[in-house]
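See below for the structure under consideration.
Numbered from 1 within each chain, the chains take letters A, B, ... in sequence-line order. Because the structure is a prediction, the values reported are computed rather than measured.
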Amino acid sequence: MHLALVGPTASGKSGLAMSVAHALGDVEIVSIDSMQVYRGLDIGTAKPSTRERAAVPHHLVDVAEPSDEWSVAQFQRAARAAIADIESRGKRALLVGGTGLYVQAVIDPLTFPPRDAAARAALEREVASSGGVERLYAELTQVDPDAAARIEPSNERRIVRALEVFRSTGRRFSSYGPGVQTFGTPVVPVHLAGVWLPRALLARRIDERVAAMRDAGLVDEVRELVASTALSRTARQAIGYQEIIAHLDGETPDLDDALARTADRTRSFARRQRMWFRRDPRITWVATHENPCLVLPALLALWSR
RNA sequence: GGCCGGGUAGCUCAGUCGGCAGAGCACGCGCCUGAAAAGCGCGGGGUCACCGGAUCGACGCCGGUCCCGGCCA
């Protein structure tokens with residue numbers, strides 16, 4: 001049985017994972033993180049250190065160039081391959097991360113319909129020329145009422161995606177699966193645990209983390225990164241990177257403003273993570289109102305049965 | 001001391017001719033299948049600095065007071 005540790009950002013998952021790995025001895029870590037996949041995005045993604053990665057094997061970290069457009073489907077393939085590899089060596093995987101969709105992509109039977117750049121471009125042109133998504137939403141309601149019911153009429157990105165799939169594959173978007181609201185038996189056998197901290201504590205930890213990233217040289221990292229590579233759309237929107245880029249471009253002249261904005265966005269990200277994971281009844285929550293490392297005994301008890 | 005701005009939601013600020021007080025961010029509650037650290041929806045919040053006046057009716061007009069910023073002395 002594999003293990004998974006989820007929870008919002010800055011909740012202490014990574015540190016706990018290292019302790020668990022040492023205690024159990026037969027696990028390798030699989031990072032479930034949409035931004036740690038990018039090489040060069042180190043400080044701002046709180047990537048595990050080289051020392052940690054030497055002590056315990058980490059998978060799905062540094063597997064993409066920052067100029068690449070990484071995606072959930074790629075992650076699904078790569079993570080499942082990593083898990084198979086770990087199994088082949090007689091070890092167990094310890095999945096650790098906060099990207100909710102990626103967790104489900106790995107452990108649940110999600111089938112991602114293919115992409116079609118031309119269909120998408122055509123749809124985006126239609127949005128631009130008609131000055132909104134109303135017409136496309138009406139079209140989606142016609143051809144795929146189930147998908148339309150799951151998508152809000154103003155959510156351009158998801159409306160475009162659903163129609164991209166319909167037009168390019170001829171199959172309704174909703175025919176590819178019941179959605180991420182279905183929590184069955186995982187296709188990758190795994191025990192799910194989540195770290196739960198009170199909001200005020202998490203907010204404090206986020207502030208501390210942002211300050212620590214600044215002290216660790218986040219601004220220099222971003223400066224060198226943008227000087228040496230054309231960051232992809234996905235990589236450049238990483239929390240901390242987007243804000244520091246705006247600072248370096250002069251859009252946010254005051255660095256403290258950029259850092260405050262980073263903390264704001266991290267908090268709202270943590271809120272969405274909380275919403276995402278809270279729905280999953282398969283997660284056993286371990287909570288503390290102090291230092292997250294205090295939940296280690298509870299975690300080990302949970303996982304040694 | 002004089003002159004000119006300004007004081008409206010936790011923060012930054014809109015508010016037309018006097019007619020039920022607004023936005024963005026924050027905060028709260030949610031949604032979610034190839035960008036997910038993305039994208040989207042809903043909600044709670046107000047002594048409109050204070051006192052007085054004219055008016056059917058004032059955030060807005062008139063008088064005064066306090067506070068902040070700038071310029072001049």
Side-chain angles (χ1 to χ4, degrees), chain A residues 8-10 31-38 41 44-47 64 66 68-78 97-117 119-120 124 127 133 137 144 146-162 164-166 168-169 171-183 199-200 202-203 206-207 209-210 213 231-245 252 254 257 260-280:
Chain A
T9 188
S31 160
I32 311 290
D33 188 299
S34 65
M35 293 299 159
Q36 288 186 0
V37 297
Y38 290 113
L41 276 64
T45 64
K47 199 175 280 179
D68 292 341
E69 295 272 348
W70 188 255
S71 79
V72 61
Q74 278 174 279
F75 190 89
Q76 184 184 54
R77 283 192 293 273
T99 305
L101 177 63
Y102 282 20
V103 173
Q104 278 191 261
V106 174
I107 70 170
D108 284 320
L110 266 50
T111 304
F112 294 93
R115 276 190 299 209
D116 184 321
R120 169 170 294 252
E124 279 164 0
V127 173
V133 286
Y137 188 71
D144 189 351
D146 290 339
R150 264 190 259 154
I151 300 174
E152 265 140 355
S154 54
N155 198 334
E156 176 181 330
R157 184 166 307 178
R158 299 194 50 245
I159 294 166
V160 166
R161 170 62 184 156
E164 171 195 352
V165 170
F166 178 75
S168 62
T169 69
R171 274 181 62 184
R172 287 175 293 114
F173 183 67
S174 59
S175 73
Y176 286 88
V180 288
Q181 194 63 269
T182 307
F183 304 101
R199 251 164 259 187
L202 196 62
I206 287 169
D207 287 342
R209 169 182 277 202
V210 170
M213 287 174 175
L231 288 183
S232 69
R233 185 181 53 174
T234 29
R236 72 167 48 245
Q237 73 193 6
I239 296 174
Y241 295 84
Q242 185 181 104
E243 290 76 13
I244 299 301
I245 289 168
T252 313
D254 188 341
D257 289 344
R261 177 81 192 102
T262 299
D264 285 352
R265 202 149 74 97
T266 307
R267 248 179 286 118
S268 86
F269 171 46
R271 191 187 67 77
R272 275 178 286 132
Q273 291 176 301
R274 196 164 60 232
M275 293 300 163
W276 182 282
F277 290 123
R278 195 147 74 174
R279 301 175 312 163
D280 192 334

TODO: Treat a base pair as Watson-Crick or G-U wobble with both distances under 3.5 Å, then lay out RNA chain B in dot-bracket form, 5' to 3', with | for cross-strand pairs.
DONE: (((((((..((((.....[..)))).(((((.......))))).....(((((..]....)))))))))))).
What does the list of N/O pairs under 3.5 Å between the protein and nucleotides 12-14 of chain B look like, with a distance for each?
none

Taking only residues two or more places apart in sequence, or in another chain, which ones meet [X] in a side chain to side chain contact (heavy atoms under 4.5 Å, CB included)?
{"X": "A/Ala270", "answer": "A/Pro8, A/Thr9, A/Leu202, A/Ile206, A/Gln273"}
{"X": "A/Asp108", "answer": "A/Gln104, A/Leu110, A/Arg282"}
{"X": "A/Arg158", "answer": "A/Ile151, A/Asn155"}

Task: Reading 5' to 3' through nucleotides 26-31 of chain B, protein heavy-atom contacts under 4.0 Å coded B for base, S for sugar-phosphate only, - for none - done: SSSBBB
Task: Partner residues of A/Glu243 under the salt bridge (Lys or Arg N to Asp or Glu O under 4.0 Å) criterion, sequence neighbours left out - done: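 Residues passing salt bridge (Lys or Arg N to Asp or Glu O under 4.0 Å) with A/Glu243: A/Arg265.
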Task: All salt bridge (Lys or Arg N to Asp or Glu O under 4.0 Å) counterparts of A/Arg161, not counting sequence neighbours - done: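 A/Arg161 satisfies salt bridge (Lys or Arg N to Asp or Glu O under 4.0 Å) with A/Glu164 only.
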[X] [atom1] to [N] [atom2], straight-line distance once rounded to whole Å:
{"X": "A/Phe277", "N": "B/A37", "atom1": "CZ", "atom2": "C1'", "value": "12 Å"}
{"X": "A/Glu164", "N": "B/G34", "atom1": "CD", "atom2": "C1'", "value": "8 Å"}
{"X": "A/Gln237", "N": "B/G39", "atom1": "CD", "atom2": "P", "value": "6 Å"}
{"X": "A/Leu101", "N": "B/C32", "atom1": "CG", "atom2": "C1'", "value": "8 Å"}
{"X": "A/Ile206", "N": "B/A37", "atom1": "CD1", "atom2": "C1'", "value": "12 Å"}

Task: A/Tyr176 versus A/Thr169, side-chain donor and acceptor atoms under 3.5 Å - done: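 Looking only at side-chain atoms, A/Tyr176 and A/Thr169 do form a donor-acceptor pair, the distance falling under 3.5 Å.
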Task: Counterpart residues, ring-ring contact (aromatic ring centres under 6.0 Å, His included), relative to A/Phe75 (two or more places apart) - done: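 Here the qualifying residues are A/Tyr102.
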[X]: side chain to side chain donor-acceptor pair (under 3.5 Å) partners, not counting sequence neighbours:
{"X": "A/Arg278", "result": "none"}
{"X": "A/Thr182", "result": "none"}
{"X": "A/Arg267", "result": "A/Asp264"}

- [ ] Compare the minimum distances between each of B/A37, B/G34, B/G41 and the side chain of A/Ala73, then state the nucleotide with the smallest one.
- [x] B/G34
Open item on the list: Both A/Thr111 and A/Ser34 contact RNA chain B. Taking the nearest nucleotide for each, which residue is further toward the 5' end?
Closed with: A/Thr111
Task: A/Phe183 six-ring centre to A/Arg279 NZ/CZ under 6.0 Å and within 45° of normal - done: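 Checked: cation-pi criterion not met.
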